[in-house]
Each structure stands twice: as C-alpha cells, then as structure tokens.
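Heads up, the thing below is written out as structure tokens.
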2 protein chains.
Amino acid sequence: MSKQQINVGLIGYGTVGKGVVRILEANKKIALRKAGVPIKVKAICDLKPIDRKDLYVKNFRDIINDPEIDLIVELIGGYEPARTIILEALKAGKNVVTANKAVLAKYWDEIFTTAQNCQQSIYYEASVGGVIPVVQGLSEGLASEEILEIKGILNGTTNFILSEMTKRGVSYGEALKSAQQAGFAEANPSFDVDGIDTANKLAILASLAWGGWIKVKDIAVKGIADLDIQDVLITQEFGYDIKLIGSANKTKDGIDLSVQPCLVKHDHAFATVENEYNAVMITGKDSGDVLFYGKGAGQGPAASAVVSDIINMSEFIVTNTAGIVPDVVYDKKTKIKILPSGKSKAPYYLRLNVVDKPGVLSKISGILGNNKVSIASLAQPDVSGSDSVQIIIITHETKRENLEKALKQIDASKSIVKTKTVKIKIEL
Amino acid sequence: MSKQQINVGLIGYGTVGKGVVRILEANKKIALRKAGVPIKVKAICDLKPIDRKDLYVKNFRDIINDPEIDLIVELIGGYEPARTIILEALKAGKNVVTANKAVLAKYWDEIFTTAQNCQQSIYYEASVGGVIPVVQGLSEGLASEEILEIKGILNGTTNFILSEMTKRGVSYGEALKSAQQAGFAEANPSFDVDGIDTANKLAILASLAWGGWIKVKDIAVKGIADLDIQDVLITQEFGYDIKLIGSANKTKDGIDLSVQPCLVKHDHAFATVENEYNAVMITGKDSGDVLFYGKGAGQGPAASAVVSDIINMSEFIVTNTAGIVPDVVYDKKTKIKILPSGKSKAPYYLRLNVVDKPGVLSKISGILGNNKVSIASLAQPDVSGSDSVQIIIITHETKRENLEKALKQIDASKSIVKTKTVKIKIEL
C-alpha cells in the first residue's frame with residue numbers, strides 16, 4: 001500500500017461534472033476519512049476549454065494514458081466516444097466510474113467482459129435512479145434473492161411532465177414546455193419522453209437481477225408523448241395517477257419487460273412520487289417488497305452518486321484490490337428467456353370514443369368477449385359540451401395480444417368508434 | 001485463488017438460523033453464480049441438539065477453531081457469548097456475519113478495532129432494518145454525503161402494536177397480546193417496547209453516518225408501553241399517526257439523538273409504514289431525502305439479509321481480499337459531539353386533563369409562555385361520558401427542557417390539572 005493520493009481524471013464537464021468537482025472539494029474530509037488518502041481531480045477533459053484552466057486537457061487519451069491517474073470518471077453520456085473512453089481506460093489499467101446508462105445498456109457484454117479480462121473495476125451507481133443506491137441494493141443488498149419483480153419510476157423528466165399535467169390539468173405540450181423552462185427537459189426531449197432512458201435503466205437492473213444481458217430491444221417501450229390530458233383527468237376521477245413505469249416481471253414463460261405509462265391507485269407507493277423523484281420497488285421471494293426512493297435528477301443527487309462511487313472505489317485502489325471481485329457477475333453464456341410482449345398480462349383502462357347509437361355497447365362487449373377480454377367495470381362519464389360519447393372500460397387481467405386484437409377489430413369499425421381507442425395499463 | 005468451496009459455520013439455530021440454511025439450499029445456484037464457488041453450511045452450533053444431526057456441534061469453539069471454516073455466522077443475539085464468539089472468530093482469522101445489533105452497538109469500538117487489527121471482515125446488514133439494505137446504502141451508497149439527518153421506524157414489534165392500536169382502537173395491553181399471538185412480540189417484550197432495540201439500531205446508523213462511536217447512552221429513549229389509546233384516537237382526529245421513531249439530527253451544537261413515539265401527519269412517508277415493515281429516511285446535503293422501505297422482521301426477510309451478506313463476503317474470501325478494505329471506517333480518536341437532550345427542539349402535542357374552573361386556561365398559557373413555549377393551536381375535544389375536561393395543545397417548535405420545566409410547574413398544581421400531562425413529539 002504505497003498510494004499517497006488518488007488521482008481522478010474527469011471526462012465531461014457539464015452540470016454533473018461540475019457537481020463532482022464541487023462535492024469532492026466540499027467533502028474532502030469525508031473522502032479522506034473513508035479512502036484513507038486524499039482524492040484529487042488531476043485532469044478534466046471537455047470539448048471546449050473550461051474555467052479550471054489548470055486542470056484542462058483537450059484530448060481524453062492524455063487522461064487515459066496519464067500514469068498518475070488511478071480512476072477515470074466518464075460523464076459525457078451517449079454511445080460514442082463514451083464507449084471508446086470506457087474500453088480504452090479499462091485496457092489501460094484504469095478503474096472507471098460512469099453515470100452513462102445508454103452505453104452500459106447497449107454494450108453491457110463488451111464493457112463488463114473487458115472489465116473482467118483487464119481486472120479493472122467499473123462503478124455506475126449514478127446510471128440508475130440518480131442518488132438512490134439501487135444498483136448496489138439490488139446486486140449486493142438482495143444478493144441472496146430470487147428476484148421476482150422490479151418496477152420503477154426511473155426518469156425525472158417524464159415524471160415532472162406527468163406531475164405537471166396532473167396538478168395543473170395542462171396538455172402534454174404545455175407540461176413539456178414548463179419542464180424545459182425548469183431545466184428538467186432538454187430541447188430535444190425524445191430520449192426521455194419516448195421511454196428510451198427508462199428502458200436503458202430497466203435493462204441494467206434486469207441484467208443485474210437475472211445475471212444475463214437483457215437488452216433494450218427485449219423491452220416493449222411506449223413513451224408519454226401521445227398521452228391525452230383527458231385520460232389524465234378521467235383516470236384521476238377513477239382514483240388513479242399516471243406514471244411512466246419500467247417493469248420487469250419473472251413469469252414461468254420468461255421475463256416480461258415493458259416501459260409504458262401506467263395507472264396506479266392513489267394509495268400505491270408510486271402515486272406520491274412527484275416531479276424529479278424516482279422510486280424503485282424490488283420484490284424478492286424471501287425479502288418481499290423493498291422500496292428505494294430519492295431524487296433521480298439534478299446536479300446534487302447525480303454528482304453525489306458519482307462521488308460516492310469514486311470514494312468506494314478509492315478504498316479498493318488504495319489497497320490494490322480494485323477489480324479483483326467483479327462488479328457485475330456476468331457470464332456470456334447465461335441466456336435469459338424473454339416473454340413475448342403479446343403474452344404480457346395486465347388489467348387495462350380503455351377509453352372508447354363511440355358512435356352514439358343503440359347496440360354499440362353490445363358490439364363492443366361482444367368483440368372483447370370473443371377475444372377473452374373480460375370487463376371489470378364500465379362507465380359513461382358525462383362530458384359536457386361534447387357531442388361524442390365516451391365509454392370507459394376497466395378490464396380484468398388480459399393478455400396484451402388478445403386486447404390488441406380486440407381493439408383492432410373495434411377501431412376498424414366506423415359503426416362502433418369515431419377515433420382510435422386509448423388503452424393504458426393498470427399497475428397493481 | 002484455490003478455494004473450491006466456502007464453508008460456513010452457523011452459531012445459533014433459531015428462526016433466522018433455520019431460514020439461512022433454507023435459503024442457502026434453495027438459492028444455491030444464485031449463490032454459486034455470484035460467489036463463483038458453492039457455499040455450504042459445514043457446522044451448526046446451538047444450545048440444544050437440532051434436527052440436522054450431521055451438522056450439529058455442541059461447543060462454538062469447535063466451529064471457530066475448525067480450519068476448514070471460512071466464515072462464521074453469529075445468530076444467537078444478546079451480549080454474551082455473542083461478543084466472545086465474534087471476537088474469538090476474528091482473532092482466529094475468520095470472517096464474521098452477524099445480525100446482532102445489541103452486541104454491535106455496545107462493543108462497536110472493540111469489535112471493529114479487532115476486525116481491523118486482524119484484517120477480517122464483519123458484515124451486519126441484517127442488524128438494522130431487516131431486509132432493507134440500509135447499512136450499505138448509508139455507508140457506501142451515500143459515502144460522499146454530509147449526512148444531516150437519519151430517522152427511521154426500526155422495530156417491527158412496536159410498529160405492529162401501534163398499527164393494531166390505531167386500526168382496532170384497542171389498548172396497548174391488548175395490542176401487545178395480539179402481537180405476541182402473531183409471533184411479532186416476545187413473552188418479555190421489554191427490549192422492543194421500551195425502545196432499546198430501536199436505540200441499538202439508531203446507534204449503529206449514527207456511528208456509520210458520522211464516523212465515530214455513538215452509544216446507546218447518548219440517545220434519549222422512551223418506549224411505547226405507557227401510551228394511552230386516548231392519545232392515539234385523539235391524534236388520529238387531528239390528522240396524525242403515532243410511530244416509534246429513532247432520530248439522529250445534525251445540529252450546530254451536536255447530534256440530537258432520540259427514540260420516542262412521535263406523531264407524523266397522514267401524508268408523511270412514515271404514516272403508511274404498517275405492521276412489521278420498517279422505513280429509514282436519510283437526508284444528505286447534496287442527496288436530499290433518500291428513503292428505504294421493506295420488511296424489518298420475519299424469517300424470510302431477516303435470513304435473506306444474512307445470506308446476502310454471506311454471498312457478498314464469499315466473493316472476497318474466494319479472491320483472498322476479505323478484510324483488506326475495512327467494513328467500518330472507524331477511528332477511536334473521532335469524538336462526536338452529542339446535543340444534550342434538553343436542547344432538542346421540536347413541536348409537541350400536549351393533552352392536559354384540567355380542573356373545570358374559570359382561569360385555568362390562562363394559568364396554563366401563562367406558564368407555557370414564561371417558559372418560552374408558544375402555542376400553535378388549542379382545542380377542547382368533546383369527551384362524552386367523562387366528567388374531566390381535556391385540553392389539547394399543539395406547540396410551536398420548542399426546546400425540550402423548556403417544555404419539561406413548564407409541564408413540571410403545571411403538573412405540580414392541583415388547581416390546574418387532575419393527572420399528569422401527556423406530551424408527544426411531532427415529527428415534521
């Protein structure tokens with residue numbers, strides 16, 4: 001044990017990167033107490049020059065190849081050059097901390113195989129759930145468990161937008177605008193609002209839970225961009241909140257994976273998760289439900305998680321034991337069976353904009369029944385000032401493919417509905 | 001790396017011990033995948049012979065001195081011989097897993113100093129919050145944080161009793177009886193109901209959070225045994241639930257530590273924590289609030305946490321790296337300043353059983369005011385069939401010593417109150 005200091009190379013100096021430098025400086029005594037030696041940022045790489053001229057490095061390879069640097073923090077996000085940076089760093093004998101869910105989900109196999117081969121450590125707690133220590137909670141805290149289910153509100157942007165729509169009764173477009181103004185949504189919000197970000201995070205958690213590589217393409221993904229404020233308001237009346245939920249469920253026929261807007265009852269643990277907060281519920285066979293909750297976005301929470309990773313990793317680097325125990329137990333040969341999305345079972349909320357003629361209801365219930373979709377409850381809310389008739393149906397648990405077949409038939413008939421039927425999964 | 005198998009020696013074969021053996025057997029593939037080698041229970045020690053005759057060992061020293069055993073699990077609870085077992089095991093070069101909060105809180109210094117000196121590992125996730133991975137969440141997930149506050153519902157027995165009183169409107173005595181019948185309270189429930197168990201767990205979390213040894217005697221402890229069902233019912237009407245909360249709060253004058261029944265608003269995150277569930281809220285400067293929630297009692301959850309510790313530790317034992325990075329960063333010389341309990345500030349609920357005469361209210365408000373206790377609201381609920389007059393007061397935030405001085409004066413006056421005034425802290 002000869003290290004007198006841990007030298008960090010930071011690549012990417014945006015909001016989170018600045019937060020990392022700030023927290024490492026403000027909490028240097030805490031870091032010293034835990035790591036045993038001081039932790040210093042020795043170099044920072046960014047596309048353009050930064051305010052810390054003394055630390056600025058233009059080429060990331062100068063950081064990777066600096067023999068004094070022990071640990072590289074990748075905070076640029078996206079696929080490339082993030083993937084190259086992580087792989088080259090591992091191969092150069094550096095340990096890596098990253099908050100990049102996209103690159104991890106897409107190159108899981110390559111990254112963790114490289115880390116194992118190079119016997120280097122890669123920590124990524126900040127990639128899922130912001131400050132919530134759910135990566136470690138799942139992979140270590142619940143190490144003994146047969147994991148039955150994971151579900152989570154994993155994206156702060158969409159949760160902020162849904163909170164705005166619910167609280168203020170405004171449309172998706174307006175809610176997006178205020179999220180952008182509040183700094184919670186980017187100019188091009190597609191990655192968040194289309195559910196891709198949630199899917200990346202879910203793929204990471206599911207891969208950890210079941211020990212294989214679960215890919216984003218294994219997940220049925222639906223975002224919130226076409227959500228109608230009408231459905232937010234109607235479902236509120238019925239006792240539900242709408243949340244974008246990533247869910248992975250172990251069934252006897254495979255893992256059922258989806259990201260979609262879901263309805264949760266007002267007394268569900270997820271109903272009170274507002275704005276930029278995230279929550280993850282993990283259910284194990286012996287543990288039962290374990291819930292983690294905290295801020296999923298913002299400089300403080302994201303940078304805090306990154307700095308915790310840096311401190312924890314430094315303890316191992318100082319004692320020359322980093323990378324010996326693999327951070328992700330991953331074996332290429334482990335194949336995980338995925339449930340085809342059509343076989344996924346859940347109850348649904350349906351809103352049908354029907355033709356106001358006798359016999360329509362009987363046609364609808366006939367088609368649903370023929371497709372094995374059974375009705376739990378049905379209502380015709382009074383929509384004042386509208387000449388259309390809306391029918392709200394809550395179904396019993398139904399196979400998604402059966403429901404889709406039924407709705408295809410219903411929506412094809414001009415004598416039944418005027419517009420496409422809305423369906424939203426109900427999360428129990 | 002020569003180990004072909006991890007051999008576990010189990011000391012204590014009660015409910016949790018049996019659960020550990022069951023889960024290790026049922027989930028042996030999961031354990032193998034993570035540890036890389038099989039994990040086997042090689043010997044079990046208990047006071048009396050057990051059903052597993054092939055594994056039974058009468059003397060715990062035969063386990064400690066068995067050169068084939070890698071890891072010792074202490075599940076007998078209490079102070080002795082638990083302390084001796086843990087210390088002798090560490091000195092004999094064994095790693096230790098324990099669920100024993102009492103022995104850890106009382107011998108923190110001796111146990112973790114011995115572990116460091118012997119370079120052995122000691123894991124104890126199951127000692128706090130049952131299956132909730134809060135020990136790791138606090139010490140690693142939030143490693144970078146300046147911890148501002150920890151509060152938790154940490155005892156399943158008292159939470160079950162309080163849930164019963166609230167839901168069924170029964171007295172403490174009756175609720176205790178049903179907890180005993182349901183297997184959630186022992187014949188002698190003092191350790192739980194007097195708040196000692198919660199105080200042990202709080203001492204562990206606080207010691208981890210602030211890096212020194214915070215002792216149970218530093219904590220102002222009050223249990224639930226003298227809680228009057230009247231106060232449960234009245235405070236329900238006022239929008240509160242009663243929970244036994246362990247709380248550690250960093251103030252500029254020291255850490256404010258207490259265990260006591262507290263009132264939380266119906267919309268507080270703790271209000272919905274029912275029966276055997278536990279919850280811990282940790283607030284860091286950058287992280288904000290992070291909540292952990294799950295089952296705090298029962299065979300499955302407790303044994304699950306122990307087996308997770310066994311698996312995580314086995315990964316290090318297999319690679320000969322266990323004990324190199326200390327599990328608790330503890331330096332004897334770190335002194336933590338404790339706030340004297342009288343200086344603790346909170347709002348309070350008061351119930352005064354007053355003499356029904358003019359001028360009483362003015363006397364009460366006079367005494368409170370003279371002691372700097374200010375009234376936020378006051379009510380006289382209609383207690384039908386009673387000849388006493390009850391006054392309910394909610395105070396603004398007040399120093400505990402000021403309130404106690406005021407109540408001492410009030411309770412000393414036969415012309416003001418008929419019985420001792422009830423006070424309950426309000427947790428915001």
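Protein chains get the first letters and strands the later ones, always in sequence-line order, with residue 1 at the start of each. Values below: every heavy atom of this structure, side chains too, minus hydrogens, waters and symmetry copies.
Looking at every heavy atom in both residues, P38(B) comes nearest to L32(B) through N-CD1, 3.6 Å. In plain terms, the two heavy atoms of A35(A) and V318(A) that are nearest each other are O-CG2, 3.7 Å. Between F270(B) and A279(B), the shortest heavy-atom contact is CE1-CB, 3.8 Å. Of all heavy-atom pairs spanning G300(B) and I23(B), the tightest one is O-CD1, 4.0 Å.
Partners of A26(B) under the side chain to side chain contact (heavy atoms under 4.5 Å, CB included) rule, at least two apart in sequence or in another chain, do not exist in this structure.
Contact tally against chain A (heavy-atom pairs below 4.5 Å) for G211(B), G288(B), A303(B), A31(B): the top residue is G211(B). Among G298(A), A143(A), G294(A), the residue with the largest count of heavy-atom pairs under 4.5 Å with chain B is A143(A). Note: V325(B) leads V307(B), V131(B), V325(B) in heavy-atom pairs under 4.5 Å with chain A. Ranked by heavy-atom pairs under 4.5 Å with chain B, the list G284(A), P133(A), P326(A) is led by P133(A). Put simply, of I132(A), I311(A), I310(A), I282(A), the one with the most heavy-atom pairs under 4.5 Å next to chain B is I311(A). The residue among L291(B), V290(B), V329(B) with the most heavy atom pairs within less than 4.5 Å of chain A is L291(B).
Looking at heavy atoms from C-beta onward, I147(A) lies in side-chain contact with L138(A) at the 4.5 angstrom threshold. Residues I245(B) and V264(B) have side chains in contact (heavy-atom distance under 4.5 Å, counting atoms from C-beta outward).
Interatomic distance, CD1 of I317(A) versus CG of L71(A), reported as 4.5 Å (0.5 Å rounding).
In this structure, the portions of I324(B) lying under 4.5 Å from any heavy atom of chain A include both its backbone and its side chain. Both the backbone and the side chain of L142(A) come within less than 4.5 Å of a heavy atom of chain B.
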Donor-acceptor table for chain A and chain B, threshold 3.5 Å:
| residue | atom | partner | partner atom | Å |
| --- | --- | --- | --- | --- |
| R22(A) | NH1 | D286(B) | OD1 | 3.1 |
| R22(A) | NH2 | D286(B) | OD1 | 2.8 |
| N27(A) | ND2 | S144(B) | O | 2.6 |
| K34(A) | NZ | A143(B) | O | 3.0 |
| Q136(A) | NE2 | E140(B) | OE1 | 2.6 |
| E140(A) | O | N312(B) | ND2 | 2.9 |
| E140(A) | OE1 | Q136(B) | NE2 | 2.5 |
| G141(A) | O | S308(B) | OG | 3.1 |
| A143(A) | N | S308(B) | OG | 3.1 |
| A143(A) | O | K34(B) | NZ | 3.0 |
| S144(A) | N | S308(B) | OG | 3.0 |
| S144(A) | O | N27(B) | ND2 | 2.6 |
| S144(A) | OG | S304(B) | O | 2.9 |
| S144(A) | OG | S304(B) | OG | 3.3 |
| S144(A) | OG | S308(B) | OG | 3.1 |
| E145(A) | OE2 | S304(B) | OG | 2.5 |
| D286(A) | OD1 | R22(B) | NH1 | 3.1 |
| D286(A) | OD1 | R22(B) | NH2 | 2.8 |
| L291(A) | N | Y293(B) | O | 2.7 |
| L291(A) | O | Y293(B) | N | 2.9 |
| Y293(A) | N | L291(B) | O | 2.9 |
| Y293(A) | O | L291(B) | N | 2.7 |
| S304(A) | O | S144(B) | OG | 2.9 |
| S304(A) | OG | S144(B) | OG | 3.4 |
| S304(A) | OG | E145(B) | OE2 | 2.4 |
| S308(A) | OG | G141(B) | O | 3.1 |
| S308(A) | OG | A143(B) | N | 3.2 |
| S308(A) | OG | S144(B) | N | 3.0 |
| S308(A) | OG | S144(B) | OG | 3.1 |
| N312(A) | ND2 | E140(B) | O | 2.9 |

